[in-house]
Amino acid sequence: MAVASALRPDVDTAIADNAVSIRHFTRRFGESTVLRNLNLDIAPGEFVALLGHSGSGKSTLLRALAGLDPVDEGQIQRPKNVSVVFQEHRLLPWKSVRDNVTLGLDGKEWDQQAGTILQEVGLGHRTEAWPLTLSGGEAQRAALARALIREPQLLMLDEPFAALDALTRLRMQKLVLDLWKKHNCAVLLVTHDVDEALALADRALVLERGEIRTEVEIPMARPRRHADPAFEALRERLLGALGVSV
Ligand SMILES: Nc1ncnc2c1ncn2[C@@H]1O[C@H](COP(=O)(O)OP(=O)(O)OP(=O)(O)O)[C@@H](O)[C@H]1O
Ligand SMILES: [Mg+2]
């Protein structure tokens, strides 16, 4: 992957070679340093999974990348259009599914676009529904539609399926792969699930003590089989990096 040689700290949008470029990023909360001198590149259209123990700083990294937190130390370059989906769907209960998806976007064409994208996520029949009447999986589909309607160059997913049952989670994983192929955006997926990372991503990272300590390329063609020896070898490696022996 191309390493940025001419990074300009005053430019906030990513250079052409990378969707994301993070250099020497440090994040502290009071006395504690959560992220330390962190460097990360994500190529356009690349799917990256981010693993790490609870409290290792995964969400902190996403928040900084999403522009939700200030960047005090280091540089972060990202595309203009970024979207985040969180573990909880964060839909406004007093607005219909369609109005949640078009939140902040004015004009009839957005209504139409919302219809199209809700079809894509399998919610074409629930466009006028209230969020409270949706199942957990449906609500996350709506959240994905809301994230994708602006055609982000970078889609960040912070444990989006953690609260879903195993079967729904598998369906959502397939949906994310389909949407990724269709929309061609870079994806940064935070997950606790090594198998999820291996099923979806081009590359998996393990965050530990404020740094990316392990980085694994996942070369297998998709759809991937858990029984594939290459899958098993990578699973062992990632679990090892997370301190779980198999
Ligand atoms: N606003 C804040 N103020 C103080 N400390 C914070 C703040 N946000 C996060 N932290 C601390 O930073 C560390 C990393 O938190 P973060 O939420 O990024 O972890 P995480 O890897 O996403 O964990 P999880 O897997 O449980 O979601 C934690 O110790 C947390 O307490
Ligand atoms: Mg988190």
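The basis for the numbers below is simple: all heavy atoms, side chains too, and nothing from hydrogens, waters or symmetry mates. Indexing begins at 1, ligand by ligand and atom by atom, following the structure's order.
Checked against side chain to side chain contact (heavy atoms under 4.5 Å, CB included), Ala162 has the following partners two or more places apart in sequence or in another chain: Gln87, Glu159. Qualifying salt bridge (Lys or Arg N to Asp or Glu O under 4.0 Å) partners for Glu151, counting only residues two or more places apart in sequence or in other chains: none.
Sorted by chain and number, the heavy-atom contacts of ligand 1 below 4.0 Å come from Phe29, Val34, His53, Ser54, Gly55, Ser56, Gly57, Lys58, Ser59, Thr60, Glu159, His192.
Electrostatic pairing of Asp202 and Arg222 counts as a salt bridge here, judged by a charged N lying under 4.0 Å from a carboxylate O. Checked for salt-bridge contact, Arg169 and Asp193 meet the test: a charged N lies under 4.0 Å from a carboxylate O.
Between Trp180 and Phe47, the ring-plane angle classifies as perpendicular under the 30° and 60° cut-offs.
Protein contacts to the Mg ion (ligand 2) involving N, O or S atoms at a distance below 2.8 Å are Ser59 OG.
Between Phe161 and Val176, the closest side-chain pair of non-hydrogen atoms falls below 4.5 Å.
Using modelled atom types and a 3.5 Å distance limit, the side chains of Ser21 and Asn18 yield no donor-acceptor pair. For Thr102 and Arg146, the side-chain atoms include no donor-acceptor pair closer than 3.5 Å.
One N or O on the side chain of Thr26 and one on the backbone of Asn37 form a donor-acceptor pair closer than 3.5 Å.
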